[in-house]
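Inspection log for the structure reproduced underneath, given as structure tokens.
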Amino acid sequence: MKPALYAGLLLGLVPVQAALLQHIEFVGIRPDLCLVAACLAGFLAGELEGLLIGLALGLVQGLFSAGDLWLNVITKGGAGLLAGLAGRHVTNPTTVSMLAVLAGLSVLSGIIVLVAIRSGAGLVAFLAAVRSVLVPEVVLNAAVGTGLYWLIARRVRRQEAIPRGPAGLIG
Amino acid sequence: MFRTTSGTRRAALFLFVLLLSVVFLLPQQSRGLLQNIGQPIAQLASFPLEAFSALDHSLRDFWDGYVALHREAEENRRLRREVQQLRGQNVELQEMVAASQRLAGLLELKKKFAPRTVAAQVVGRDATNWYRSVVLDKGERDGIRVEMGVMTPDGVVGRVVNTTPFSSVVLLIIDPNNAVTGLIQRTREEGIVEGTAQGRARLKYIPLLSTVRIGDVVVTSGLTGGFPRGLAVGTITRIDKAEGDLFQSAEIAPEVDFLKYEEVLVITDPRPSGESHEEPALPTDFSKGPKP
């Protein structure tokens, strides 16, 4: 089940992001579904799975983006890894903790990208990119990711079969 | 899938640190390696991408065609296409007039506006929010390579920055990371066209003594690879001349509506069609005799 889910994410998530998400963009910005998926995988299933899913999604995303390939691979892989480490240290995972993890990792990932691509453009351009891209993206990532986490957690609780994982949901 | 023990944590951290080291120590090699690993996955992912894009187009067509008054939409689309073609022709004609004034009698300059192209469809936008780029449904298998120029009948769209066998990514001219050499059509002065954070373009390095004015048309200069001379880039809407600066700059409203186009032409050979693959004629003496 899980390998099929991951294969589906790997082949379907970037096409959805590139072809369909433009219709639900907010101030011209779409949620970064690859970052959200990497964070959820890390938070729910552990740091190694988060890292591997993040690296794979970052690779595919990089191939359909104008940016440097390694930048997407590193940021998504790192986000999955850090989400896994965060999930391990959260004793009672809630939607609020997921919101905080997603927002924090989106900010971190966005700042790394901005430093890599806009560091030579000056402080004004940097701050403009923070305001126009980073902040809306963080809000969208946090909202979408938390919503998905809430749905997954509710489904798991309803089934009353909660294997113990790093964040207490999926083993 | 994996047991979450301190062992897997160490393994994950080790793997990540190893990857970081490889990326920073061997940037070129790691990029090539990542590209090779990703190519098969990208090939597989390009099929759902095209499927989603087709679904998106058909839903949009359905909405435009049937729900939002079928006939009016059809007529509107036809007229819009015609206006686009006429605009492109108008800029082309203006450029031809300017050229013929300078080079009277050389009517064959018309051929300069017939570069070799490959038609492609836009199937998606950039997979991240950090770049203004589009994904095309044609790639290396169709002869598309990195650095090739992309245009519509309206004018310049951007240049190819990334390719896979079945798709390619085009960085738009309104992206701050893009730069194309431009020419003010009326004054024949050159500059660099760069994208701005606001989604427009800017012509930089215009000489201080230039007589550039609002409304002037900017075209490609043909000096950098990818574009022939004379393709419309946009119209100047504002001129900035700061005290103490060595150059002035101008804001350009691009000719292409970057939200609406669906088909583009990738310029595979920007040279005029008459010049493209002609072998230079050998001098009579050398062509007749044996090779030295």
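Chain naming here is simple, since letters A, B, ... match the order of the sequence lines and numbering starts at 1 in each. What's counted below: heavy atoms across the whole structure, side chains too, no hydrogens, waters or symmetry copies.
Of the listed residues G124(B), A12(B), S53(B), the one with more heavy-atom pairs under 4.5 angstrom with chain A than any other is A12(B). Taking chain B as the reference chain and counting heavy-atom pairs below 4.5 Å, the highest number among V14(A), L20(A), L10(A), V60(A) is found for L20(A). When A56(A), G80(A), G110(A) are compared by the number of non-hydrogen pairs under 4.5 Å with chain B, G110(A) comes out ahead. Looking only at heavy-atom pairs under 4.5 Å with chain B, the residue among G78(A), A128(A), G77(A), A129(A) that has the most is G78(A). Chain A forms the most heavy-atom pairs under 4.5 Å with one residue out of I41(B), L171(B), L55(B), and that residue is I41(B).
W130(B) approaches E137(A) most closely through the heavy-atom pair NE1-OE1, 4.0 Å. Nearest heavy atom pair, residue L63(A) against residue A42(B), reads CD1-CB, 3.5 Å. When all heavy atoms are compared, the tightest approach of A66(A) to D126(B) is N-OD2, 2.9 Å. Across all their heavy atoms, D56(B) and A19(A) have their closest contact at OD2-O, 3.8 Å. Looking at every heavy atom in both residues, A127(B) comes nearest to Q61(A) through O-NE2, 2.8 Å. Residues D68(A) and Y131(B) approach most closely at N-OH, 4.2 Å, considering heavy atoms.
Both the backbone and the side chain of I74(A) come within less than 4.5 Å of a heavy atom of chain B. At a 4.5 Å heavy-atom cutoff, the contact between N162(B) and chain A is made by side-chain atoms alone. With a threshold of 4.5 angstrom between heavy atoms, V123(B) approaches chain A through N, CA, C or O but not through any side-chain atom. In this structure, chain B has a heavy atom under 4.5 Å from the side chain of V73(A), while its backbone stays farther away. Proximity to chain B is absent for every atom of L21(A), based on heavy atoms less than 4.5 angstrom apart. Residue contact with chain A, scored on non-hydrogen atoms closer than 4.5 Å, involves the backbone and the side chain of Q35(B) alike. The contact between T128(B) and chain A is made by backbone and side chain atoms together, counting heavy-atom distances below 4.5 Å. Neither the backbone nor the side chain of L13(A) comes within less than 4.5 Å of any heavy atom of chain B. Interface remark: L13(B) contributes backbone and side-chain atoms alike to the contact with chain A (heavy atom separation under 4.5 Å). When heavy atoms are compared at a cutoff of 4.5 Å, L114(A) approaches chain B solely by way of its side chain, counted from C-beta outward. Looking at P27(B), there are no atoms closer than 4.5 Å to chain A (heavy atoms on both sides), in backbone or side chain. Looking at L51(A), the atoms closer than 4.5 Å to chain B (heavy atoms on both sides) all sit in the side chain, from C-beta outward.
To the nearest 0.5 Å, atoms CZ (F64(A)) and OG (S133(B)) are separated by 11.5 Å. The distance from the CD1 atom of I29(A) to the CG atom of N129(B) is 4.5 Å, given to the nearest 0.5 Å. Between atom CG of residue L59(A) and atom CD of residue Q39(B) there is a gap of 9.5 Å, rounded to the nearest 0.5 Å. With rounding to the nearest 0.5 Å, the separation of CD1 in I117(A) from CG in D175(B) is 8.0 Å. The structure places OG of S30(B) at 9.0 Å from CH2 of W70(A), a figure rounded to the nearest 0.5 Å.
Looking only at side-chain heavy atoms (C-beta outward), R125(B) and R30(A) come within less than 4.5 Å of each other. In this structure the side chain of P15(A) never reaches within 4.5 angstrom of the side chain of E50(B), judged on heavy atoms.
Open room surrounds CZ on F26(A); 12 or fewer heavy atoms of other groups in view lie less than 6.0 Å from it. For Y205(B), the OH atom sits in a loose shell: 12 or fewer heavy atoms of surrounding residues, nucleotides or ligands are nearer than 6.0 Å.
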